[in-house]
There are 2 protein chains.
Amino acid sequence: MLLTIDLDSDVPIYQQIRDRVVEAIADGELREGSALPSTRQLAADLAINFHTVNKAYDLLRRQNVIRINRKSGAVVRRDAASGPPGPGFADDWEPRLRTLFAEAAVHGMDPQEVLRRSAGVLDSFAPRRETPV
Amino acid sequence: MLLTIDLDSDVPIYQQIRDRVVEAIADGELREGSALPSTRQLAADLAINFHTVNKAYDLLRRQNVIRINRKSGAVVRRDAASGPPGPGFADDWEPRLRTLFAEAAVHGMDPQEVLRRSAGVLDSFAPRRETPV
DNA sequence: TCATCTGTTCTATTACTTATATATCAGATA
DNA sequence: TATCTGATATATAAGTAATAGAACAGATGA
């Protein structure tokens, strides 16, 4: 199974699918250019409605993570992670980092442990492909 | 103004209030034991319904960030950030860290820059109060 | 050619969430 | 006493999440 979801979670299913796909790309399980399952196929595998998968894929497309062609289906964008992030991305991303870290701080997690776990997560990701010469 | 919200955001208002309060605590703007505005007062300041503030405060209470007494109102918990975080907290927190970092990676943010920004956010927080002797 | 699978689009329904609006009550306060 | 507070109840309007069924056109492989 490429992807698992939790129907009991309060995170919407389409959001879980988006998150799992993004994580699979970061982990290197999904390479750039590789195809995702068809919406109907993934919906059948997950035993959910194909409209829900459609919504997740559309979200990934709007976030420039995948491309969707009528011909080749949903494909991980080759240029999603090439070059520096768009200028607007960090402006949207860092406040969310700040909120997440504040939550850890308030619950008593030591700053050093936050950094340790952060480094651990980053180490678990696949190394960036070298820019072709 | 203790707190500002964005009515145009797709983040629910009660969630924004929760996030801002958590951040204010991490920043040291809200000390442990200090009181939050009354629900009606904050609602008036923000020009929103007091039920929305009520929902935010109730969320903060269920997440053990504040205490609510009929007498003293909403107060930042003294023991929210004392001692190590509950064992279940990290299990809930780290997957969200992983999702956020995966998003950065997919959008081409360098792991070193992720770490740099992480350290920067942690540095912006107020130092933990020393455990009384 | 034919059957099938694909993405795309449309309408519809159910259940839940978000935010608002009133109203009431009891305890605390000045 | 008048006022502010938290707490609780009900109601409503708008939006979201997920489901369901249907239809169409392009692509695919037998």
Side-chain angles (χ1 to χ4, degrees), chain A residues 2-22 30 33-78 96 99, chain B residues 2-22 30 33-78 96 99:
Chain A
L2 165 68
L3 198 152
T4 60
I5 56 172
D6 176 14
L7 293 177
D8 292 332
S9 169
D10 51 352
V11 179
I13 299 176
Y14 77 92
Q15 183 76 41
Q16 292 185 49
I17 295 175
R18 188 217 76 118
D19 291 348
R20 294 301 88 74
V21 168
V22 167
L30 276 177
S34 62
L36 271 62
S38 76
T39 53
R40 285 179 173 89
Q41 183 60 54
L42 183 54
D45 288 352
L46 299 176
I48 59 174
N49 195 277
F50 86 95
H51 285 109
T52 306
V53 179
N54 224 334
K55 189 171 182 177
Y57 280 14
D58 188 61
L59 184 58
L60 286 163
R61 183 189 56 77
R62 283 187 281 117
Q63 293 175 341
N64 289 324
V65 176
I66 64 176
R67 285 186 188 281
I68 307 180
N69 305 316
R70 187 181 288 272
K71 196 160 187 173
S72 38
V75 169
V76 179
R77 272 184 61 141
R78 293 196 176 275
R96 288 188 281 146
T99 303
Chain B
L2 164 68
L3 197 153
T4 59
I5 56 172
D6 176 13
L7 293 178
D8 292 332
S9 168
D10 52 351
V11 180
I13 299 175
Y14 76 92
Q15 184 76 40
Q16 292 186 49
I17 295 175
R18 190 218 76 118
D19 291 347
R20 295 302 88 74
V21 168
V22 167
L30 275 177
S34 62
L36 272 62
S38 76
T39 54
R40 284 179 173 89
Q41 184 59 54
L42 183 54
D45 289 351
L46 299 176
I48 59 174
N49 194 278
F50 86 94
H51 284 109
T52 306
V53 179
N54 224 334
K55 189 170 181 176
Y57 280 15
D58 188 60
L59 184 57
L60 286 162
R61 182 188 57 76
R62 283 186 282 118
Q63 293 176 340
N64 289 324
V65 176
I66 63 176
R67 285 186 187 280
I68 307 179
N69 306 315
R70 187 181 287 272
K71 196 160 189 173
S72 37
V75 170
V76 179
R77 271 183 62 139
R78 293 196 177 275
R96 288 189 280 145
T99 302

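Chain naming here is simple, since letters A, B, ... match the order of the sequence lines and numbering starts at 1 in each.
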Out of C:dT18, C:dT8, D:dA27, which has the shortest distance to the side chain of A:Asn54? C:dT8
For the pair made of CG in B:Asn69 and P in D:dC4, what is the distance, rounded to whole Å? 21 Å
Between A:Ile13 and A:Arg70, who's closer to the 5' end of DNA chain D by nearest nucleotide? A:Ile13
Rounded off to whole Å, could you give me the CG-to-P distance for the B:Leu42 and D:dG6 pair? 10 Å
Round to a whole Å and report the spacing from CZ of A:Arg67 to P of C:dT8. 13 Å
In whole angstrom, give the distance that lies between atom NZ of A:Lys55 and atom P of D:dT19. 11 Å
Rounded at 0.5 Å granularity, tell me how far OH in A:Tyr57 sits from OG1 in A:Thr39. 7.0 Å
Rounding to a whole Å, what distance do you find between B:Phe50:CZ and D:dT10:C1'? 12 Å
Just how far is it from atom OH of B:Tyr14 to atom CG of B:Leu59, taken to the nearest 0.5 Å? 6.5 Å
What are the two closest non-hydrogen atoms of B:Arg18 and A:Thr99, and how far apart are they? NH2-CG2, 4.0 Å
So that I can tick it off, tell me whether A:Asp58 and A:Lys55 are bridged by a salt bridge, with the cut-off set at under 4.0 angstrom between side-chain N and carboxylate O. no
Quick check: any donor-acceptor pair below 3.5 Å linking the side-chain of A:Arg40 to the base of C:dT8? yes
Enter the distance from A:Arg20:CZ to A:Leu46:CG here, rounded to the nearest 0.5 Å. 11.5 Å
Please determine whether any donor N or O and acceptor N or O are separated by less than 3.5 Å between the side chain of B:His51 and the base of D:dA9. yes
Touch check for A:Tyr57, heavy atoms < 4.0 angstrom, all strands: base, sugar-phosphate only, or nothing? nothing
In whole angstrom, what separates A:Lys71's NZ from D:dT28's P? 6 Å
Nearest non-hydrogen partners of B:Val75 and B:Gly33, listed with the distance: CG1-O, 3.3 Å
Please answer whether the main-chain N or O of A:Lys71 pairs with a side-chain N or O of A:Asn69 as donor and acceptor at a distance below 3.5 Å. no
Measure from CZ on B:Arg18 to P on C:dT17 and round the result to the nearest Å. 18 Å
Phosphate oxygens OP1/OP2 of D:dT19: is one of them under 4.0 Å from a side-chain N or O of A:Thr52? yes
If you assign each of B:Tyr14 and A:Thr39 to its closest nucleotide in DNA chain C, which residue comes earlier from the 5' end? A:Thr39
Angle separating the five-pair end axes of the helix from C:dG7-D:dC24 to C:dA30-D:dT1, nearest 10°, is 30°
Contact under 4.0 Å: B:Ser38 side-chain N or O vs D:dT5 OP1/OP2: yes
Without decimals, in angstroms, what is the distance between B:Ile48 CD1 and C:dT18 C1'? 12 Å
